[in-house]
There are 2 protein chains.
Amino acid sequence: MGRRATTRRIGIADVALKAGVSHATVSRVMNGNFTVDATIAERVRAAATELNYQPNPVGRSLALGKTDTIGIVVPDLSNPTFQAILRGLSMAAAQDGYRVLIADSSEVSSEEAILAGEARRRCDGLVLCAPRMGDAELEELAPSLHPMVLINRTTTHASVPSLMVDYGQGIQELAGHLVGLGHTRLAFLAGPEGSASNALRLAGLEKFKAGHPEIDLHMLDGGSSFEAGHESADAVLASGATGILAFNDLVAMGLLSGLHERGIRVPGDVSITGFDDIPFARYTTPTLTTAAVPITELGQQAWHRMRDLIRHVPSDAANEGPTVFQPQLESRGSTGPAKA
Amino acid sequence: MGRRATTRRIGIADVALKAGVSHATVSRVMNGNFTVDATIAERVRAAATELNYQPNPVGRSLALGKTDTIGIVVPDLSNPTFQAILRGLSMAAAQDGYRVLIADSSEVSSEEAILAGEARRRCDGLVLCAPRMGDAELEELAPSLHPMVLINRTTTHASVPSLMVDYGQGIQELAGHLVGLGHTRLAFLAGPEGSASNALRLAGLEKFKAGHPEIDLHMLDGGSSFEAGHESADAVLASGATGILAFNDLVAMGLLSGLHERGIRVPGDVSITGFDDIPFARYTTPTLTTAAVPITELGQQAWHRMRDLIRHVPSDAANEGPTVFQPQLESRGSTGPAKA
DNA sequence: ACGCTTCGAGAAAACGCTTTCTCATTATTT
DNA sequence: AAATAATGAGAAAGCGTTTTCTCGAAGCGT
């Protein structure tokens, strides 16, 4: 059993001894149970503050069967999108006295399942951002992870709320925006292979192509990072496209920088759009046209769904189907009329 | 006691029953204790996998007196600096099988102490970023938080490692860089009042002034955010300074954007420096001259110090005094020769 | 074949708390 | 004043593990 050494933290027994009552009574007082006589309660409180007693959360968790902690699995903590989700989640959860435990899967899809399980066992619930996990695996894992909230994924299990961003719609709006400016040769700088949100964008673009047969749309391999955007500058130029749809803001910024180095003018020569509207998007030069996703709010929503799950609130609103966030077009400086 | 309802998670007792042994034996097998007969061990393992048994971490924590989790208190999760520390910490800790619990004090100094205590009790150790907490309070709190690692703070307690960034040195280098470019009228866009790292910068600048009496150095109120930098554009112009030392990269970027809007050329008219070298610093236009702080590495180091504390390694290296990280001048595009 | 050690596994205590059960007091009713 | 109800606090049973204690059953030497 536990570590025997050192000076042992002060526990409920010490307080009980000092106040001349039983542990049970101390517990009752600490938890605001009013069946304790006022004078005794006071004596206990005095002893507690004097000894600076703080209940051990682990013991408490074991007895109560809850940890007041939720876990979140993210694929990459260096990505501003997940940072924002984490922040929204953490702040909202803190409001209700919950803490958050983080697990970064480092974009390794095989880690996602393991981390999710581990985090879930330590917590009262799990928020899962697992863009790489296979559908089948997710489907199979879901029940064992309940209560769980999914971000940008769905399952058939009705008890698993999903928060989705309509990337398909957003990318179509961006493409439409470019076409509206007279661009006829577009290129999409794709995200990571097998990323669920990338697939949504691709689907959106297919739809767009169907509706705009006159538009020339190139598909370029990319990634999700700054560096990816930076490195694809040459490929973008080679494509001859004048309107570039970057996978996200990060990629767009990298591209912006790469083109700047090559003396290409944005939006004079080429127009660029991002996706997400990360905080930096409005401070690049030129400022970045993008599809704004209320991402911090999404994190916050994730907590609210989780809270309802934990409290067994009968999922008032969106019971069936995921909650969908519609990206909003933010027209800024990086897009302009196509060259005549 | 615990929630009685539902289908109860499967525990060690179920495995014991199924394998026809005692819980003790199951525990032994699960923990690789070789005093168990091989055939029995195999039977237990079979039962465990068949039932998909996963030990309850809370029970485990209680018995073992450790949680395999460390906490981190940050003042603002939306600040890239703390995001990077968190990331470095989390990744490094994960390598050793530890998780991290986050607590965001939202820049409220009174919250810092409370959150720190709560987080610490749930975890095996605490990494504390508390730029606002008073020295006296920190000093008093420190022992009760052990094992703890401090970021950008120190205490007199020898058992509390500190990781410090030498902001004083860094800001002097930046100032020297500007002076070397011919600037004689500088301005410092200060950070939040009462921020410890801001105080270090101020001290550095005092030293700088002493060594360069010919230089005119304005002090301007600022903040630590993008917006703060953006809003101080007018104040900067009014100061007449041509070399601006922004509190950090965020502020510098905000200022860059504010000046851009006013048609001021950087570095043609005004030179700007940041601090931290956040990832975006190399992708602004112009790219940002800054003092690079190996911030992710700092998070990583924080874990290593913590690990030594937890394992009772006799603090091999830097026993006395804090570990100091020297910022490195990154000369980029936002600084140039002063106008003739 | 008997006593000695070694091995292996079950019983039980411990970790620190919450909560049910139980029973002694005191207050209320007839 | 006796019977009954209400109150308040201690004893003890969990929560799910790990680990010490203990003891029966082998293994071994003489």
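Every heavy atom of this structure was used, including side-chain atoms; hydrogens, water molecules and symmetry mates were not. Naming: A, B, ... by sequence-line order, numbering from 1 per chain.
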Exercise for review: Look at the side chain of Asn31(B) and the backbone N and O of Asn33(B), then say whether any donor-acceptor pair between them is shorter than 3.5 Å.
Suggested key: no
Check your understanding: Okay, side chain of Arg122(B), backbone of Gly71(B): is any donor-acceptor separation there less than 3.5 Å?
Key -> no
Revision key, fill the gap. From the candidates dA12(D), dG16(C), dA12(C), the one with an atom nearest any side-chain atom of Ala24(B) is dA12(C)
Check your understanding: Does Tyr53(A) place a side-chain N or O at less than 4.0 Å from the phosphate oxygens OP1/OP2 of dG16(C)?
Key -> no
Revision key, fill the gap. Picking from dC17(C), dT19(D), dG10(D), the nucleotide nearest the side-chain atoms of Leu64(B) would be dT19(D)
Point to revise | Relative orientation of the end axes in the helix from dA1(C)-dT30(D) to dT30(C)-dA1(D), expressed as an angle to the nearest 10° (five pairs per end) | key: 50°
Practice item. Verify the neighbour count for atom NE2 of His157(A): are there more than 12 heavy atoms of other residues, nucleotides or ligands below 6.0 Å? Key: yes
Practice item. Return yes if some donor-acceptor pair links the side-chain N/O of Thr323(B) with the main-chain N/O of Leu163(B) below 3.5 Å, else return no. Key: no
Exercise for review: Report the residue (Ile12(A) or Arg28(A)) whose heavy-atom-nearest nucleotide on DNA chain C is the more 5′ of the two.
Suggested key: Ile12(A)
Check your understanding: Over how many whole Å does the gap from Asn56(B) atom CG to dT18(D) atom P extend?
Key -> 10 Å
Study note, to complete from the structure: Residue pair Gln54(B)/His23(A) against DNA chain D: nearer the 5' end by closest nucleotide is His23(A)
Practice item. Could you tell me whether Glu42(B) atom CD has more than 12 heavy atoms of other residues or ligands within 6.0 Å of it? Key: yes
Exercise for review: Mind checking Ser27(B) for me? I need base, sugar-phosphate or nothing, with any heavy atom below 4.0 Å counting as a touch.
Suggested key: base
Review point. Starting at CZ of Arg60(A) and ending at C1' of dT17(D), how long is that distance when rounded to a whole Å?
Key: 20 Å
Point to revise | Whole-Å distance separating the CG atom of Asp14(A) from the C1' atom of dC17(C) | key: 13 Å
Exercise for review: Calculate the interatomic distance between Ile40(A) atom CD1 and dT25(C) atom C1'; express it in whole Å.
Suggested key: 12 Å
Exercise for review: May I ask you to decide if Val100(B)'s main-chain N or O and Thr69(B)'s side chain share a donor-acceptor pair within less than 3.5 Å?
Suggested key: no
Practice item. Would you jot down, in residue-number order, the residues of residues 29-39 of chain B having a non-hydrogen atom under 4.0 Å from DNA chain D? Key: Asn31(B)
Review point. Which heavy atom in Ser105(B) sits nearest to a heavy atom in Pro75(B), and how many Å separate them?
Key: OG-CA, 3.2 Å
Point to revise | Under 3.5 Å: donor-acceptor pair, side chain of Asp308(A), backbone of Arg305(A) | key: no
Check your understanding: Is the backbone of Leu126(A) close enough, under 3.5 Å, to the side chain of Arg120(A) for a donor and an acceptor to pair up by distance?
Key -> no
**Study point:** Distance, rounded to the nearest Å, where Arg122(B) contributes CZ and dC17(C) contributes P
**Key:** 13 Å
**Study point:** Heavy-atom closest pair, residues Leu309(A) and Val149(A)
**Key:** CD2-CG2, 4.2 Å
Point to revise | Ile10(A) CD1 - dC17(C) C1' separation (whole Å) | key: 14 Å
**Study point:** Backbone N/O of Thr35(A) and side chain of Arg28(A): donor-acceptor pair under 3.5 Å
**Key:** no
Check your understanding: In whole Å, what is the span from the CG atom of Leu62(A) to the C1' atom of dG14(D)?
Key -> 9 Å
Exercise for review: Taking only Lys NZ, Arg NE, NH1 and NH2, and the carboxylate oxygens of Asp or Glu, determine whether Lys18(B) and Glu50(B) approach each other closer than 4.0 Å.
Suggested key: yes
**Study point:** Spacing between Leu17(A) atom CG and dG10(D) atom P, to the nearest angstrom
**Key:** 12 Å
Point to revise | Sugar-phosphate only, base, or nothing, as touched by Val58(A) at under 4.0 Å among non-hydrogen atoms | key: nothing
Check your understanding: Do the side-chain N or O atoms of Thr25(A) get closer than 4.0 angstrom to the phosphate oxygens (OP1, OP2) of dG10(D)?
Key -> yes
Revision key, fill the gap. For nucleotides 22-28 of chain D, 5' to 3', base contacts (B), sugar-phosphate-only contacts (S) and non-contacts (-) with protein non-hydrogen atoms under 4.0 Å give -------
Review point. For the side chain of Pro55(B), counting heavy atoms from C-beta on, which of dT17(D), dG10(C), dC15(C) is nearest?
Key: dT17(D)
